Undergrad: 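My questions all concern the structure below.
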Amino acid sequence: MSIKVIIEGIILNIISAYAPQAVLSEEHKRRFWEDLDELVGGIPSTEKIFMGGDFNGHIGSILGGYDDVHGGFSFEDRNGGGVSLLDFVRDFGMVIPNSRFPVTPHPF
């Protein structure tokens, strides 16, 4: 889902994205990332993007070559969904803000 808001002349695209769950096929996952690439790629560079959601992946706490988009804070081990997310944000010049400060995992 995406909405466009104009605040004091600044165009902000707010995107809510939910990646397919791990049990779904690789085809579903591939189509999700292609659709998201198309959506974000269609937003002019003069507009701002704020994206949130559940990408059903773990980016892990080790930078592993993603120090340009990953702040070094997270938990669990990186998995395929995390790699897809890291590649996506790198491709579009974004960062993962909540990797910039310590995260306390949920107790459940």
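If you read the sequence from its start, that first residue is 1, and numbering goes on from there. Treat the numbers as computed from the prediction; the structure is a model and nothing was measured. Values reported hereafter were calculated over all heavy atoms of this structure, with side chains retained and with hydrogens, waters and symmetry mates removed.
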Undergrad: Report the distance from atom CZ of Arg78 to atom NE2 of His70, rounding to the nearest 0.5 Å.
TA: 5.5 Å

Undergrad: Can you give me the closest heavy-atom contact between Ala17 and Leu36, atom names plus distance?
TA: CB-CD1, 4.4 Å

Undergrad: Under the side chain to side chain contact (heavy atoms under 4.5 Å, CB included) criterion, do Val83 and Tyr66 qualify, and how do the steps go?
TA: CA-CA 9 Å; Val83 171; Tyr66 289 100; 3.8 Å; yes

Undergrad: We want to know whether Tyr18 and Asn56 form a side-chain donor-acceptor pair, criterion being a heavy-atom distance below 3.5 angstrom.
TA: no

Undergrad: Where is the tightest heavy-atom contact between Asp68 and Arg100, given as atom of each residue plus distance?
TA: O-NH2, 3.9 Å

Undergrad: Are Leu86 and Val95 connected into the same hydrophobic cluster when the rule is that any two of I, L, V, M, F, W, Y join if their side-chain heavy atoms are below 4.5 Å apart?
TA: no

Undergrad: So for atom CG, which belongs to Asp77, do other residues, nucleotides or ligands contribute more than 12 heavy atoms lying within a distance under 6.0 Å?
TA: no

Undergrad: Counting C-beta onward and ignoring hydrogens, is there a side-chain heavy-atom pair between Met1 and Ile15 closer than 4.5 Å?
TA: no

Undergrad: What is the distance from atom CD1 of Ile59 to atom CG of Leu85, rounded to the nearest 0.5 Å?
TA: 7.0 Å

Undergrad: Of all the heavy-atom pairs spanning Gln21 and Lys29, show the shortest one and how long it is.
TA: O-CE, 3.7 Å

Undergrad: Tell me the closest heavy-atom pair linking Ser74 and Gly60, and the distance in Å.
TA: CB-O, 3.1 Å

Undergrad: Under 4.0 Å between a Lys/Arg side-chain N and an Asp/Glu carboxylate O for Arg30 and Glu27?
TA: yes

Undergrad: Once the angle between the rings of Trp33 and Phe88 is folded into 0 to 90°, is it parallel (under 30°), tilted (30 to 60°) or perpendicular (over 60°)?
TA: tilted

Undergrad: Tell me whether Ile3 at atom CD1 has more than 12 heavy atoms from other residues, nucleotides or ligands lying less than 6.0 Å away.
TA: yes

Undergrad: With side chain to side chain contact (heavy atoms under 4.5 Å, CB included) as the criterion, how do Val69 and Met94 come out once you've worked through the C-alpha distance, each side chain's angles and the decisive distance to 0.1 Å?
TA: CA-CA 7 Å; Val69 297; Met94 299 175 171; over 6 Å; no

Undergrad: Which distance, rounded to the nearest 0.5 Å, do you find between the CD1 of Ile14 and the OG of Ser2?
TA: 8.5 Å

Undergrad: Count the heavy atoms of every other residue, nucleotide or ligand shown that sit under 6.0 Å from CG of Leu12, and state whether that count exceeds 12.
TA: yes

Undergrad: So how far is it from Ile96 CD1 to Arg90 CZ, rounded to the nearest 0.5 Å?
TA: 10.5 Å

Undergrad: Kindly compute the distance separating CD1 (Ile11) from NZ (Lys4), expressed to the nearest 0.5 Å.
TA: 6.0 Å

Undergrad: Using 0.5 Å steps for rounding, measure from the CZ atom of Phe92 to the OG atom of Ser45.
TA: 12.5 Å

